[in-house]
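The next block holds one structure in the form of C-alpha cells; read it before the comments.
Order of the sequence lines sets the chain letters (A, B, ...), proteins ahead of strands, with each chain counted from 1. These numbers come from a predicted model, not from an experiment.
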There are 2 protein chains.
Amino acid sequence: MPRPASQDLTSAQERVARALADFERAERPGFIADLLKALRLAAESSLTPTLQKMARNGFVDILGGGAQGRSRVVRLTVKGRHALGIGGLPLLGSIPAGPLSEAVAQAAEIIEPGALLPHRPGDFLLRVRGESMIGDAILDGDLVLLRPGVAVPHKAIAAVCVGDDREGTLKRVFYENGGERVRLRASNPLFKDMTVAAERVHFAGLLKGVLRHVGSRK
Amino acid sequence: MPRPASQDLTSAQERVARALADFERAERPGFIADLLKALRLAAESSLTPTLQKMARNGFVDILGGGAQGRSRVVRLTVKGRHALGIGGLPLLGSIPAGPLSEAVAQAAEIIEPGALLPHRPGDFLLRVRGESMIGDAILDGDLVLLRPGVAVPHKAIAAVCVGDDREGTLKRVFYENGGERVRLRASNPLFKDMTVAAERVHFAGLLKGVLRHVGSRK
DNA sequence: TATTGAGTCGTGTTATTTCACGATGCAATG
DNA sequence: CATTGCATCGTGAAATAACACGACTCAATA
C-alpha cells in the first residue's frame with residue numbers, strides 16, 4: 001500500500017474517525033478517555049500523536065487542553081466526516097449513473113442538515129392548509145418558513161392577516177397607489193384578488209422557504 | 001417576584017442558559033472552566049449547584065464527570081433552548097396574530113434544524129433543472145431529497161435513468177404489464193409519456209422531499 | 001418576623017488528565 | 001538493506017477539575 005497522501009486517512013486515523021462518528025451519532029462529546037476505551041488503546045500517548053496529525057490535516061478539531069489537567073474534547077470536522085463518506089447531504093451535480101460512492105466523491109457540495117433551510121432566530125414554520133397557493137407550487141400540507149419583522153417586497157409572498165382576521169393566509173403582495181393600498185393575490189385562479197388599505201394589513205412573515213415531505217417520514 | 005415553577009428558569013439559571021447558547025452558537029463545547037469565565041464566577045462551586053438543578057429539571061445535560069479530575073461538559077437540551085425561546089423552528093398552529101413570543105409558547109412543535117428533512121445515510125440532494133415536474137409543484141431550482149436503493153412504489157416520483165442516459169430526470173413511475181414495462185410521466189403536460197422495458201430503467205433514487213429557498217439565502 | 005430556597009464564595013482532598021520523553025514493532029519506500 | 005514515518009506502549013511530573021463541606025447574602029414566602 002502506498003503511503004497515503006495528507007488528504008486521505010491512514011487506517012488508524014480512519015479507525016479514530018469512525019469512533020468519533022459513533023460518538024457524534026450518540027450525541028456524546030469525544031472525551032479522550034472515552035475514545036481510548038472505544039478504541040481499546042492502553043495509553044493516552046498511543047492516541048495523541050495520531051490525533052495531532054489529524055488535527056493538522058483538518059480532519060478533527062481538538063478543543064480544550066493546552067495545559068496539563070485540562071481535558072480535551074475531539075470532534076470531527078466537516079472535512080473529516082466527508083473523508084468517511086458520512087454526514088451531511090451530498091448535493092450532486094447530476095443523477096448518479098455509476099456507483100454511488102463515486103458520485104458522492106464528486107459532490108459539488110456537502111450540506112449539513114442544519115444548513116438545509118437557512119433561518120434566523122424568530123423565524124417560524126407554518127403548515128399550509130388548502131390549495132390557495134397551488135399556482136406557486138405550494139401544496140396542502142407543505143411547511144413554509146416565514147420570517148417576521150422584515151419588509152415585504154413588491155410581488156413577494158407573505159403570510160398576511162387582514163383586519164381582525166386571526167387565521168391569516170399566504171398571499172402574494174402587490175403595492176398600489178404608492179403604497180396606500182395592498183392587493184393580495186392567491187395564486188390559485190379560483191380565488192379572487194383582494195384589495196385593502198395598507199393599514200389594515202398585518203404581515204405575519206415573509207416567505208423564505210418551502211419544505212415538503214413525500215411519502216412516509218424517515 | 002414569585003418563586004418560579006420548575007418549568008421556568010430562575011434569573012441565574014437563565015444567565016447560565018444564555019451563556020450555554022452562546023457556546024453553542026460558537027460551536028464550542030461547554031466546559032465548566034469556560035463557563036465560569038463567561039459568567040465571571042469566582043469558583044466552580046458557585047456554578048455546580050445551579051447546574052445540578054438545571055439538569056434535574058431537564059434544561060441541560062451534564063456529560064462526563066462522575067469522578068474527580070474528569071471534566072464535565074454541559075449542553076443545553078431541547079427543553080432548555082425552548083425555555084430561552086431560541087433554537088429550533090417553532091411549528092405554529094396558525095399565523096400568529098398577536099405578539100410573537102406568545103405564539104411561540106403555544107407552538108405545536110419545536111423542530112430542530114437537523115430534523116427538518118429526515119434523511120438516512122446514502123440519501124442525496126439534486127438540484128432540479130427545468131420545468132418538467134411543475135405539475136407536481138417542483139420548480140426549476142428546487143432541491144429534491146432522493147433515497148437510492150429502495151423500492152419505487154407504483155405512481156411514486158423517482159429519479160430515473162433510461163438505458164445509457166447519464167443525466168436522468170425526475171419522473172412519476174407507473175408499472176404496466178405486471179411490472180414488465182414502466183411508464184414514465186413528467187407532470188408537465190408538455191412532455192409526453194415514455195414507456196420502456198423494466199430492465200432498461202435504473203432508479204437512482206426515490207423522491208422523499210422537496211426544498212425551496214425563496215429570495216436571497218440567509 | 002421567621003423560614004425557606006437559591007445563589008454565591010472559600011477551602012481542602014483526591015483522582016485524573018495532559019504533557020514530554022524515550023523505546024519498540026511494523027510497513028512501505030528508496 | 002537502510003531509512004522514513006506511523007502507530008503503539010510505558011513512565012514520571014505538573015496541573016487541574018470534580019467533589020464535599022460549611023458559611024454567607026438575598027429574595028420571596030408563610
Whole-Å distance separating the CG atom of B:L39 from the C1' atom of C:dG7: 12 Å
Qualifying residues under side chain to side chain contact (heavy atoms under 4.5 Å, CB included), relative to B:P153, sequence neighbours excluded: B:A156, B:L206
B:Q13 CD - C:dA6 C1' separation (whole Å): 9 Å
Protein-nucleotide distance (A:N57, atom CG; D:dG5, atom P), rounded to Å: 14 Å
Atom pair distance, as rounded to whole Å: CG in A:L63 and C1' in C:dT18: 15 Å
Distance below 4.0 Å between A:Q52 side-chain N/O and C:dC19 OP1 or OP2: no
Distance-only polar pair, side chains of A:T169 and A:K171, donor-acceptor under 3.5 Å: yes
Short N-O contact, B:D142 and B:R127, less than 4.0 angstrom: no
Of all pairs that satisfy salt bridge (Lys or Arg N to Asp or Glu O under 4.0 Å), the ones with a partner from residues 60-78 of chain B, not counting sequence neighbours: B:E44-B:R72
Interatomic distance, B:L9 CG vs C:dG7 C1' [rounded to whole Å]: 15 Å
Distance in angstrom units between A:D34 CG and C:dT17 C1', rounded: 13 Å
Close N or O pairs between protein and nucleotides 8-12 of chain D (under 3.5 Å):
| unit_1 | atom_1 | unit_2 | atom_2 | d |
| --- | --- | --- | --- | --- |
| D:dT8 | OP1 | A:R15 | NH2 | 3.1 |
| D:dC9 | OP2 | A:A42 | N | 3.3 |
| D:dC9 | OP2 | A:S46 | OG | 3.1 |
| D:dG10 | N7 | A:S45 | OG | 3.1 |
| D:dG10 | O6 | A:S45 | OG | 3.0 |

Partner set under side chain to side chain contact (heavy atoms under 4.5 Å, CB included) for A:E24, not counting sequence neighbours: A:L76, A:R81
Side chain to side chain donor-acceptor pair (under 3.5 Å) partners for B:R18, two or more places apart: B:E14
Distance test, side-chain N/O of A:R70 to OP1/OP2 of C:dT17, below 4.0 Å: no
Axis bend over the full length of the helix from C:dT1-D:dA30 to C:dG30-D:dC1, computed from five pairs that close each end, to 10 degrees: 30°
Per B:I32 side chain, nearest of listed nucleotides D:dA7, D:dA18, C:dG7: D:dA18
For A:A43, side chain to side chain contact (heavy atoms under 4.5 Å, CB included) partners two or more places apart: A:S45, A:S46
Qualifying residues under salt bridge (Lys or Arg N to Asp or Glu O under 4.0 Å), relative to A:R25, sequence neighbours excluded: A:D22
Protein-nucleotide distance (B:R72, atom CZ; C:dA15, atom C1'), rounded to Å: 14 Å
Separation of atom CG in B:L36 from atom P in D:dA18, rounded to whole Å: 9 Å
Which residues share a side chain to side chain contact (heavy atoms under 4.5 Å, CB included) with B:D34, sequence neighbours left out: B:F23, B:R28, B:F31
